[in-house]
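All remarks here apply to the structure that follows.
Because only heavy atoms are used, hydrogens play no part in the values below, and waters and symmetry mates are left out as well, while side chains stay in.
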Amino acid sequence: MDISEGAAVGALLEAFIVHRPKLVQIARRVLRCPYLAEDVVQDATLKATTLTGCRCVDCPLSFACQVVRNLAIDRE
């Protein structure tokens, strides 16, 4: 992982941490269960830590929201 890739992953993780309540709300709307919503956000955060080649994530918050939404739909 080079420096720019590490910075992109760092920005993405920061989005997951700072906007956690919003991400849980997104998952909860899909799943209608607060416990499953928390699990989905945690899974999404863990996936974000293992990303490679994510230099081009222009908006980390939008990316995080989309990942959470997709995982919640998959969990449904």
Side-chain angles (χ1 to χ4, degrees):
M1 182 182 312
D2 63 12
I3 294 171
S4 61
E5 190 174 327
V9 170
L12 186 56
L13 286 176
E14 183 178 351
F16 274 101
I17 293 166
V18 171
H19 299 284
R20 184 174 184 82
K22 177 181 179 152
L23 297 171
V24 171
Q25 182 182 22
I26 289 169
R28 191 173 181 175
R29 271 190 236 133
V30 174
L31 297 168
R32 296 184 176 95
C33 175
Y35 306 111
L36 288 177
E38 287 285 345
D39 286 348
V40 164
V41 173
Q42 182 178 1
D43 289 347
T45 305
L46 288 173
K47 285 184 185 285
T49 64
T50 62
L51 285 178
T52 57
C54 75
R55 284 182 222 164
C56 61
V57 175
D58 292 328
C59 183
L61 177 57
S62 294
F63 186 82
C65 289
Q66 192 62 50
V67 169
V68 167
R69 188 176 298 112
N70 289 346
L71 286 176
I73 290 169
D74 288 346
R75 182 79 56 101
E76 199 175 28

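- Using modelled atom types and a 3.5 Å distance limit, the side chains of R69 and Q66 yield a donor-acceptor pair.
- For the pair A27 and V68, the tightest heavy-atom approach, listed with the atom from each and the gap, is CB-CG1, 3.8 Å.
- Judged as a side-chain hydrogen bond (donor to acceptor under 3.5 Å, both in side chains), and not counting sequence neighbours, the contacts of R20 are E38.
- V30 pairs with exactly one of I73, V40, D74, L36 by the side-chain contact (heavy atoms from CB on, under 4.5 Å) rule, that one being I73.
- Between A37 and R28, the shortest heavy-atom distance links the atoms CB-N, 3.6 Å.
- Between atom CG of residue L71 and atom OG1 of residue T45 there is a gap of 10.0 Å, rounded to the nearest 0.5 Å.
- Nearest approach of P60 to A11, heavy atoms of both residues: CB-O, 3.8 Å.
- By the 4.5 Å heavy-atom criterion applied to side chains, T49 and V9 are not counted as neighbours.
- R75 meets the salt bridge (Lys or Arg N to Asp or Glu O under 4.0 Å) test with D43; sequence neighbours excluded.
- To the nearest 0.5 Å, atoms CD1 (I26) and CG (L31) are separated by 12.0 Å.
- With a 4.5 Å cut-off on side-chain heavy atoms, K22 and C65 count as touching.
- Considering CG of L23 and CG of L61, their distance stands at 6.5 Å, rounded to 0.5 Å.
- If you take CG on L12 and NZ on K47, they are separated by 13.0 Å, rounding to the nearest 0.5 Å.
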